[in-house]
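Data first, discussion second: the structure below is written as structure tokens.
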Amino acid sequence: MALLQLALDLLDMDSALNLVERVGTDVDIVEVGTPFVMRYGMEGVRRLRAACPGLSLLCDGKIMDAGREETDMMTDAGADWVTVMACTDEATLCDCVQAAHAHGARVMADLLGAGALCETVRKLEVCGVDCIAVHVGVDQQARGETPLKALVALRACEPQCMVAVAGGIGEASVRQYLAFAPDILIVGGGITGAEDPVQAARRIRCKMVEQDAER
């Protein structure tokens with residue numbers, strides 16, 4: 001079954017800590033989102049690590065350079081996953097992977113802004129990334145874009161590593177993404193912006209279980 005990743009982007013520290021404690025077993029990975037990292041730095045990673053010792057923690061640092069050094073910072077703070085931008089150069093990608101694996105952590109490559117999809121996938125896999133993420137950012141979402149077509153296109157490239165998808169996914173759209181078998185489903189505002197975030201996470205998890213049972 002796909003893993004559910006909760007993206008914490010625009011919440012303040014207290015709200016994020018409170019939500020993580022409440023969602024508990026309904027999510028698999030807690031993402032320290034880029035805005036959260038910019039606001040709180042590695043202290044935010046450390047605080048969330050302490051709050052969810054039983055969950056995987058991803059630091060969405062969107063590394064573009066200094067791959068080894070920035071990966072070390074994130075894993076030292078407690079991250080089990082780090083993100084690197086797929087559009088960066090191969091040296092940075094490979095350094096991220098080597099540093100992460102040395103710490104027992106994993107690397108997710110974000111396709112936001114990347115071109116030549118299948119060629120990029122091959123480059124990422126040569127470097128040994130653990131997961132490739134289709135991602136439609138908030139600015140693209142505001143213009144009506146979704147990551148569904150990109151997920152279909154990525155699957156057509158037949159990546160050998162894990163596949164993740166992110167970008168405006170919520171309870172109403174979960175099933176259409178699960179139909180293309182992502183390994184990680186990333187949900188941010190679909191949970192954090194819900195009237196009852198805990199129930200929203202639970203309902204999304206239930207849909208994931210149902211979809212898996214139907215296969």
Side-chain angles (χ1 to χ4, degrees), residues 1-8 26-34 52 54-63 67 71 74-75 78-88 90 92-114 116-137 146-169 173-188 190-191 201 204-205 207-209 211-212 215:
M1 191 177 80
L3 302 175
L4 178 57
Q5 180 170 314
L6 170 62
L8 302 173
D26 291 312
V27 302
D28 303 290
I29 303 170
V30 172
E31 174 187 329
V32 188
T34 310
C52 57
L55 297 174
S56 289
L57 190 69
L58 178 144
C59 182
D60 191 15
K62 291 186 170 66
I63 296 169
T71 298
M74 295 175 201
T75 54
D80 302 294
W81 286 86
V82 302
T83 63
V84 63
M85 299 307 293
C87 61
T88 193
E90 194 168 320
T92 299
L93 290 167
C94 291
D95 280 355
C96 283
V97 171
Q98 291 169 10
H101 289 181
H103 286 272
R106 293 190 276 185
V107 175
M108 181 182 290
D110 188 329
L111 288 172
L112 187 66
L117 183 58
C118 291
E119 182 180 327
T120 298
V121 168
R122 300 288 88 81
K123 176 181 74 170
L124 296 172
E125 293 195 322
V126 164
C127 285
V129 302
D130 302 282
C131 182
I132 299 174
V134 169
H135 180 200
V136 168
T146 79
L148 187 58
K149 288 183 180 179
L151 176 59
V152 175
L154 176 58
R155 276 297 181 207
C157 295
E158 300 183 344
Q160 300 303 300
C161 64
M162 297 174 73
V163 168
V165 59
I169 300 170
S173 60
V174 164
R175 280 185 169 270
Q176 62 181 319
Y177 290 97
L178 292 176
F180 295 96
D183 298 288
I184 302 176
L185 189 74
I186 304 173
V187 182
I191 294 175
I204 290 171
R205 169 69 83 187
K207 287 180 182 291
M208 296 169 73
V209 172
Q211 186 92 342
D212 190 61
R215 287 200 172 94

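- Residues T83 and L58 form a side-chain contact, since some pair of their non-hydrogen atoms from C-beta on lies under 4.5 Å apart.
- Counting heavy atoms from C-beta on, the side chains of E90 and V126 come closer than 4.5 Å.
- No side-chain heavy atom of R205 sits less than 4.5 Å from a side-chain heavy atom of V174.
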(Q) Please evaluate residues L8 and V32 with respect to the criterion side-chain contact (heavy atoms from CB on, under 4.5 Å), reporting the C-alpha separation (whole Å), side-chain torsions for both, the decisive distance (0.1 Å), and the verdict. (A) CA-CA 6 Å; L8 302 173; V32 188; over 6 Å; no
Q: Kindly indicate, with the supporting measurements, whether the criterion side-chain contact (heavy atoms from CB on, under 4.5 Å) is fulfilled by T146 and Y177.
A: CA-CA 10 Å; T146 79; Y177 290 97; 3.5 Å; yes
Side chains of residues 97-111: which donor-acceptor pairs under 3.5 Å do they make with residues two or more places apart or in other chains?
unit_1 : atom_1 : unit_2 : atom_2 : d
Q98    : OE1    : R68    : NH2    : 2.9
H101   : NE2    : D130   : OD1    : 3.3
H101   : NE2    : D130   : OD2    : 2.9
H103   : NE2    : D72    : OD1    : 3.0
D110   : OD1    : L112   : N      : 2.8
D110   : OD1    : H135   : ND1    : 3.4
D110   : OD2    : H135   : ND1    : 2.9

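- One finds no salt bridge joining R122 and E119 here, because no Lys/Arg side-chain nitrogen approaches an Asp/Glu carboxylate oxygen to under 4.0 Å.
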**Q.** Verdict with supporting geometry, L124 and C161, side-chain contact (heavy atoms from CB on, under 4.5 Å)
**A.** CA-CA 9 Å; L124 296 172; C161 64; over 6 Å; no
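- Considering only heavy atoms from C-beta on, C131 stays 4.5 Å or farther from D183 through its side chain.
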Q) Run the side-chain contact (heavy atoms from CB on, under 4.5 Å) check on I63 and T92 step by step: do they pass? A) CA-CA 8 Å; I63 296 169; T92 299; 4.1 Å; yes
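- Side-chain contact between F180 and L148 is present, with at least one heavy-atom pair separated by less than 4.5 Å.
- In this structure, the side chain of R155 does not engage the main chain of V163 through any donor-acceptor pair within 3.5 Å.
- Panel note: side chain E125, backbone K123; no donor-acceptor pair is recorded below 3.5 Å.
- Remark: C96 SG to C127 SG, distance not under 2.5 Å.
- A donor-acceptor pair under 3.5 Å links the side-chain atoms of T71 to the main chain of G67, judged by distance alone.
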